[in-house]
Structure formats: C-alpha cells, structure tokens
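The structure under discussion appears below in the form of structure tokens.
Predicted, not measured: the structure shown is a model, and the values here were computed from it.
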Amino acid sequence: MVETLVVKKALVTGITGQDGSYLAEFLLSKGYEVHGVIRRSSNPNTQRIAHLVSDSSVMDSTLFLHYGDLGDSSRLISLVASIDPDEVYNLAAQSHVRVSFDEPELTGNTTGLGSIRLLEAIRVAGSKARFYQASSSEMFGASPPPQNEETPFYPRSPYGAAKVYSYWITRNYRESYGMFATNGILFNHESPRRGETFVTKKITTAAARIHAGLQDKLHLGNLDAVRDWGYAPEYVEAMWMMLQAQEPADFVVATGTEYSVRDFLGFTFGRLGLEWEKYVEFDERFVRPAEVDSLVGDSSKIRQATGWEPRVLTPELAQIMVDADVEILASSRPEGIDHPDGR
C-alpha cells in the first residue's frame with residue numbers, strides 16, 4: 001500500500017512585505033504549499049518574492065498567489081473555504097507608525113478591522129486552521145521597558161491602537177470559539193528587504209549612497225528613541241514555532257537588547273568608515289505627534305516554550321543591511337564602488 005504524503009497548506013496575507021517574503025521562503029523550505037494574498041494593482045508590488053515568482057517549479061506546484069484584500073470579507077471567506085489551509089498568517093497591515101497619524105482611518109480599517117474579517121472568514125468557512133496574528137511592540141507604547149506578555153498596553157499611535165484591537169479580538173475568538181489563535185508580539189525586526197521609509201533602511205540606504213558620493217545629507221527625527229532590533233528571517237521562524245505548539249498562546253519575540261537610533265547610525269556609518277555626525281541633520285517632519293521612548297522586549301516565554309533564540313543582534317544587523325545596500329549600488333553602477341570589506 002502506497003502512503004499518501006500529506007502536504008500542509010498555509011495562507012499568508014501580506015506575502016509581498018518583508019515578513020511575508022521571508023515566511024514564504026521558510027514555509028516552502030518546510031515543504032508547505034503556500035498561498036499568498038496580494039492586492040490588485042496596475043503596478044504589482046512583488047519585488048520581494050520575485051525570485052520565487054520567477055521559479056516555474058515553485059509557482060506551478062507549491063506557491064500560489066490570489067487577489068484579495070483585508071477590506072473584502074466575502075473574498076476572504078471564499079479564499080479560506082477553497083484553499084482549506086492548515087495555517088493562516090495575518091501579516092497584512094498599514095504598518096508605518098508615522099503614516100498612521102496621517103491616515104488613521106485607513107490604518108484602523110486594515111490593521112485593526114482586517115484581523116476580525118479574517119478571523120470571521122475562518123469561523124464562517126468552518127475551517128480548523130491555526131491562526132497567527134502579527135501583533136506589535138507598538139502596543140506597549142509608553143509602558144516602561146522591559147516589556148513582556150504581562151505588560152499593560154499603552155499605545156501612542158493609531159497604528160499601535162489598531163494592533164491592540166487585533167490582539168484582543170484574536171484572544172476573544174480563541175476564548176469564544178475554541179480557535180487555535182495566537183498573537184506574536186514582535187519587537188522591531190529588520191532586514192535588507194525593509195521598506196525604505198522605515199528608519200533603519202533609511203539610514204543604511206543613505207549611508208551607502210553617501211559612501212558612493214550619490215547623497216550629501218540624511219534627515220531624521222528623534223535620534224534618542226531606543227529600540228530592540230532583531231533580524232526578520234529569525235522572527236518568521238518564531239511565527240511558525242508558535243503554530244506548532246500544543247496549545248495556542250501569546251508570545252513576545254525580541255532580542256532583549258537596547259540601542260538608540262544614534263547607536264544604529266554609528267554601526268551603519270562606521271561600517272563604511274564614515275562619521276555619521278557629519279551627514280545627519282534633524283528634521284521635525286519626521287517626529288511623531290506622540291513619541292515612544294523605549295521598546296525593549298523580554299522574550300523569556302517563547303524561549304522556554306519553543307527553544308527559539310535570536311542570533312543576529314543590532315550591530316551585526318546594521319552591517320548586514322548596509323552591506324546589502326552597498327552591493328545593490330555596486331551592481332547598478334558599471335564602474336562599481338568600493339565594498340567596506342575591500343571586495
């Protein structure tokens with residue numbers, strides 16, 4: 001008798017984002033069939049998964065992209081019903097904190113209400129899928145560090161407030177309907193795939209351009225903000241580990257280390273032999289109406305429960321990111337530019 005190989009299926013919203021692209025790679029490496037939800041656009045935003053999309057052996061058999069939106073309940077229900085996933089990862093959101101002050105309603109509709117639409121889709125479709133909600137350290141806001149699963153929420157932005165709603169509605173569906181629904185409270189996590197409007201990527205891109213003689217100045221807001229920065233590929237592993245647990249729970253994912261934006265500037269510009277003070281200028285346009293001074297996570301719970309451990313800390317993370325930006329510039333200029341390692 002020939003045994004039938006059971007392939008797990010995962011549905012991922014936000015698959016074209018930083019975390020979604022790394023999660024898709026990780027799940028594919030685990031033998032999953034991955035279904036990603038993308039929004040219809042005249043200019044497709046699939047750069048981060050272009051290497052997967054261009055591989056016909058992957059696209060024809062294990063990776064499938066579907067048009068959809070967290071604002072369209074009926075579409076979400078039909079996707080869950082037709083795909084019948086084993087796991088659902090809700091990573092889609094308006095995820096820029098500063099932008100959430102400019103577009104608070106949009107942020108609430110996608111980052112907040114989008115989660116309940118997806119949870120309802122799972123419930124209405126009668127799915128037994130395990131659900132992962134991408135929660136955020138921004139929910140803690142003004143609560144003093146270190147922050148863990150018991151720290152009170154005190155959001156300081158529309159984004160943080162919307163994430164608090166998603167956190168509690170995920171817990172509510174777990175407790176009300178017995179769903180395997182878990183929150184991953186991820187602290188800042190970065191990579192070369194980070195969007196260019198986020199401060200870490202803004203810094204590494206500018207440093208590479210200044211090093212190449214293509215830019216003179218970098219304008220930033222609050223340099224004293226302290227964050228716990230980790231490496232995105234490691235954090236998506238934590239997402240997966242949460243859904244493999246015996247029982248659903250909520251977990252903080254963080255490195256437990258703290259660095260300021262000034263520190264990140266030092267690591268980045270120092271990698272290229274530059275003094276950041278010569279190039280960085282303060283710009284009040286980038287200051288939030290309500291600042292979050294310090295976010296530093298205590299991830300003891302997930303470390304004990306799953307064995308997850310962060311390996312890349314902020315100094316190395318900054319080097320990884322700026323090296324990647326230098327390589328991008330070098331590949332785009334026929335004459336090339338010097339690499340910080342002399343390569």
Side-chain angles (χ1 to χ4, degrees), residues 3-38 44-66 68 79-80 83-93 95 118 127-134 180 182-184 186-195 229-246 248 251 253-255 299 302-303 305-313 316-317 320-321 323-324 327-328:
E3 293 186 3
T4 302
L5 179 64
V6 178
V7 177
K8 278 191 171 183
K9 292 187 286 187
L11 176 63
V12 181
T13 69
I15 194 171
T16 59
Q18 171 190 254
D19 292 3
S21 65
Y22 284 120
L23 180 62
E25 290 175 350
F26 179 79
L27 293 175
L28 289 170
S29 76
K30 291 287 186 182
Y32 278 65
E33 179 180 297
V34 178
H35 294 260
V37 180
I38 62 174
N45 180 29
T46 56
Q47 301 96 318
R48 294 185 182 94
I49 57 172
H51 59 296
L52 299 175
V53 174
S54 62
D55 187 341
S56 60
S57 64
V58 173
M59 280 297 291
D60 291 344
S61 60
T62 54
L63 176 63
F64 304 89
L65 301 180
H66 309 268
L79 283 174
V80 172
I83 296 168
D84 190 22
D86 298 283
E87 298 169 5
V88 175
Y89 296 85
N90 184 29
L91 310 185
S95 59
L118 190 50
S127 171
K128 299 300 182 183
R130 296 188 169 197
F131 177 80
Y132 172 85
Q133 170 59 31
F180 193 111
T182 185
N183 284 288
L186 273 57
F187 279 62
N188 295 68
H189 47 289
E190 318 296 319
S191 76
R193 297 181 189 174
R194 179 51 107 179
W229 283 295
Y231 190 36
E234 297 177 356
Y235 282 43
V236 301
E237 293 182 28
M239 298 177 188
W240 176 79
M241 288 179 173
M242 291 179 208
L243 293 196
Q244 312 316 307
Q246 291 295 319
F251 297 95
V253 181
T255 71
S299 57
I302 192 172
R303 297 185 194 215
T306 69
W308 179 85
E309 290 281 348
R311 299 177 294 278
V312 175
L313 302 182
E316 182 182 356
L317 171 64
I320 290 171
M321 292 177 67
D323 284 358
E327 292 287 358
I328 290 171

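- Not counting sequence neighbours, Lys30 has no partner by the salt bridge (charged side-chain N to carboxylate O under 4.0 Å, His left out) test.
- Here the closest heavy-atom approach between residue Val34 and residue Ala24 is recorded as CG2-O, 4.3 Å.
- Listed by chain and number, the residues in a salt bridge (charged side-chain N to carboxylate O under 4.0 Å, His left out) with Arg193 are Glu25 (sequence neighbours excluded).
- With hydrogens and angles left out, the side-chain atoms of Gln133 and Asn183 include no donor and acceptor closer than 3.5 Å.
- Judged by distance alone, with hydrogens and angles left aside, the side-chain atoms of His35 form no donor-acceptor pair with the main-chain N or O of Glu33 at under 3.5 Å.
- A donor-acceptor contact shorter than 3.5 Å links the side chain of Lys9 to the backbone of Ile83.
- With rounding to the nearest 0.5 Å, the separation of CH2 in Trp229 from CD in Glu316 is 16.0 Å.
- Although no hydrogens or angles enter the test, the distance criterion places a donor-acceptor pair under 3.5 Å between the side chain of Arg130 and the main chain of Ala245.
- Under the 3.5 Å distance criterion, the side-chain polar atoms of Glu87 are left unmatched by any main-chain donor or acceptor of Phe131.
- In this structure, the side chain of Ser299 engages the main chain of Ala254 through a donor-acceptor pair within 3.5 Å.
- Annotation: Gln244, atom CD; neighbour count of heavy atoms from other residues, nucleotides and ligands within 6.0 Å is above 12.
- For the pair Glu234 and Val312, the minimum side-chain heavy-atom distance is below 4.5 Å.
- With contacts defined as side-chain heavy-atom distances shorter than 4.5 Å, the pair Asn188/Glu190 qualifies.
- Taking the side chain to side chain donor-acceptor pair (under 3.5 Å) definition, one finds that Trp240 meets it with Tyr32, sequence neighbours left out.
- The backbone N or O of Ser191 sits less than 3.5 Å from a side-chain atom of Gln18, completing a donor-acceptor pair.
- Atom CD1 of residue Ile15 and atom CG of residue Leu23 lie 7.5 Å apart, to the nearest 0.5 angstrom.
- Remark: side-chain polar atoms of Arg48 are not paired, donor with acceptor, to backbone N or O of Ser21 under 3.5 angstrom.
- Every pair tested for salt bridge (Lys or Arg N to Asp or Glu O under 4.0 Å) that includes a residue from residues 10-21 fails, sequence neighbours excluded, so the list is empty.
- Once rounded to the nearest 0.5 Å, the distance linking CZ of Arg311 with OH of Tyr231 reads 10.0 Å.
- Considering only heavy atoms from C-beta on, Val12 stays 4.5 Å or farther from Val37 through its side chain.
- A distance of 4.0 Å separates CD1 of Ile302 from CE of Met242, quoted to the nearest 0.5 Å.
- Glu309 is linked by a salt bridge (charged side-chain N to carboxylate O under 4.0 Å, His left out) to Arg303, counting only residues two or more places apart in sequence or in another chain.
- Checked by atom type and distance alone, the side chain of Thr255 never pairs as donor or acceptor with a backbone atom of Leu313 at under 3.5 Å.
- Across all their heavy atoms, Asp86 and Val7 have their closest contact at OD2-O, 4.2 Å.
- Every residue two or more places apart in sequence or in another chain was checked for a ring-ring contact (aromatic ring centres under 6.0 Å, His included) with Phe251, and none qualifies.
- Within the model, atoms CE of Met239 and OH of Tyr22 stand 12.0 Å from one another, a figure rounded to the nearest 0.5 Å.
- Between Met241 atom CE and Tyr132 atom OH the span is 13.0 Å, to the nearest 0.5 Å.
- Nearest heavy atom pair, residue Leu317 against residue Gly230, reads CD2-O, 3.3 Å.
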